[in-house]
Amino acid sequence: MSETPAAQSGQRPRGAAYDSVFLRAARNEPVPHTPVWFMRQAGRSLPEYLKVREGVPMLDACMRPDLVQEITLQPVRRHKVDAAIFFSDIVVPLKAVGIDVEIKGGVGPVIADPIRTRADLQRLRPLEPDDMPYITEAVGLLVAELGATPLIGFAGAPFTLASYLIEGGPSKSYENTKAMMYGEPELWAELVDRLAQITSAFLKIQIEAGASAVQLFDSWAGALAPDEYRRSVMPASAKVFDAVEPFGVPRIHFGVNTGELLGLMGQAGADIVGVDWRVPLDEAANRVGPGKGLQGNLDPAVLYAPTHVVETKAREVLHAAQALGGSHHIFNLGHGVMPTMDPDALTRLVAFVHEASAR
Ligand SMILES: Cc1c2[nH]c(c1CCC(=O)O)Cc1[nH]c(c(CCC(=O)O)c1C)Cc1[nH]c(c(CCC(=O)O)c1C)Cc1[nH]c(c(CCC(=O)O)c1C)C2
């Protein structure tokens, strides 16, 4: 993929969102309050989402800029979050390179022919800049409409994508994935290398179209021991972070159950490390080390408790984040919004975080 002039010079024009609270916090500049957004803030918890998705398969929706624009904006309008996250899915770039993948309701991504052999690897061609005109168009429309609200682009990390490609769908134990990683390390290395290219290209497409931060989801990396992560996964994820580094946008790295991996996930090249609810943020700061921001980490299930409990728990998160000196924290849940969550509880939480962190 050829470098753009912006990437070559290491500079991007400063968009309208440059001085937003979210991007200032991401750069560790002083902010008037802690910014907040939610992973999976768009989606089935919102009645307006269910309405526009009626009769449209998930991956078809991801390829329609008008729907992507509307769905991405819905939680921004409703909750007044400090950032939008692009509505798409981690498997969209796999579909763009020709993998037969579908998102089944109530299940998740399902791959028709899993990738398990060297011959299968040939089906995973590089992602070219022009493969996703619908993404470029949707990001462009969104950034224009969002104005001073930043748009977070995202992609799946090589390990998490590999787990879907090898298992053929969601998994709890990742046995086929680990069998390849342990038993055929050369084939594994080639697979995650190809995925690093695809993921880097997907992120670059979003950044070049105007996304002003990116999040790499290695949602399932917590299934790995630290040594295995360091040896078999971190090099491919580091390639992705290196590939987008010249654009100068904040890079967030997130996974679930990654308490033992937080230091390595930072070292892979992230500016901000996402933390689930299992490790308090002050302890996470020790594990990640100085110079990086943290994102998180309210247990999503807390949102099912009464408002005063949500507020007490949110205050605990804000308090633990003070170990970072105040600015370098982005409030989020420890994982995604659940489909059965009360959207009003999320709206109240945004207002509460803004108020309780005002300085
Ligand atoms: C960031 C993002 C993702 N998916 C979607 C978004 C859009 C942002 C948003 O909704 O706010 C839409 C997005 N993607 C999907 C949905 C639900 C489908 C629908 O509404 O019909 C939505 C709204 C489908 C999907 N796609 C995936 C799953 C998980 C399956 C499993 O448990 O293994 C599911 C259920 C794969 C996937 N997709 C994603 C991840 C990483 C985030 C995470 O850890 O939650 C993962 C693991 C990322």
Side-chain angles (χ1 to χ4, degrees), residues 36-64 67-79 81 83-95 99 101-111 135 138-139 142 151-174 177 199 202-203 206 211 213-223 252-258 274-277 295-297 300 332-341 343 346:
V36 48
W37 69 282
F38 303 120
M39 292 181 276
R40 297 281 181 100
Q41 62 192 14
R44 284 170 298 163
S45 67
L46 301 182
E48 58 269 36
Y49 169 82
L50 294 174
K51 192 151 177 242
V52 297
R53 272 289 315 285
E54 234 166 69
V56 188
M58 175 66 191
L59 289 177
D60 291 2
C62 294
M63 295 171 74
R64 279 188 43 189
L67 286 186
V68 172
Q69 184 186 15
E70 167 58 21
I71 294 171
T72 303
L73 291 168
Q74 285 174 347
V76 179
R77 283 188 208 120
R78 187 191 260 264
H79 301 313
V81 281
I85 176 141
F86 187 58
F87 180 79
S88 191
D89 194 80
I90 59 169
V91 298
V92 169
L94 300 180
K95 188 174 161 79
I99 298 294
V101 52
E102 198 190 334
I103 292 184
K104 292 212 167 128
V107 179
V110 176
I111 312 282
I135 298 289
V139 172
L142 271 165
L151 179 69
I152 304 170
F154 76 92
F159 173 79
T160 290
L161 289 176
S163 79
Y164 287 106
L165 285 171
I166 298 171
E167 304 295 338
S171 172
K172 289 204 162 61
S173 47
Y174 311 99
T177 309
T199 286
F202 184 40
L203 291 177
Q206 295 171 71
V214 288
Q215 177 154 324
L216 188 67
F217 281 98
D218 211 351
S219 300
W220 315 136
I252 312 170
H253 198 183
F254 170 79
V256 190
N257 232 325
T258 48
V275 183
D276 81 2
W277 62 93
Q295 177 174 278
N297 73 341
N332 207 313
L333 305 180
H335 198 187
V337 168
M338 299 172 192
T340 55
M341 244 174 220
L346 290 167

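Remember, it's a predicted structure, so these values are computed and weren't measured experimentally. Both counts, for ligands and for their atoms, begin at 1 and track the order of listing.
In this structure, F202 and S88 have side chains that are in contact, with non-hydrogen atoms separated by less than 4.5 Å.
Within 4.0 Å of ligand 1, heavy atoms belong to protein residues R40, Q41, A42, R44, Y49, R53, M58, I85, F86, F87, S88, D89, I90, I103, V107, G108, P109, F154, Y164, P170, F217, S219, W220, H335.
Using a 30° and 60° split on the angle between ring planes, Y174 and F159 fall in the tilted class, from 30° to 60°. In this pair, H335 and F254 present their aromatic rings tilted. The plane angle is within the 30 to 60° band.
The line from CD of Q215 to CH2 of W37 is 4.0 Å long, rounded to the nearest 0.5 Å.
Among V139, L142, I152, the one residue that satisfies the side-chain contact (heavy atoms from CB on, under 4.5 Å) test with T72 is L142. The only member of V52, L50, L46 that meets side-chain contact (heavy atoms from CB on, under 4.5 Å) when paired with E48 is L46.
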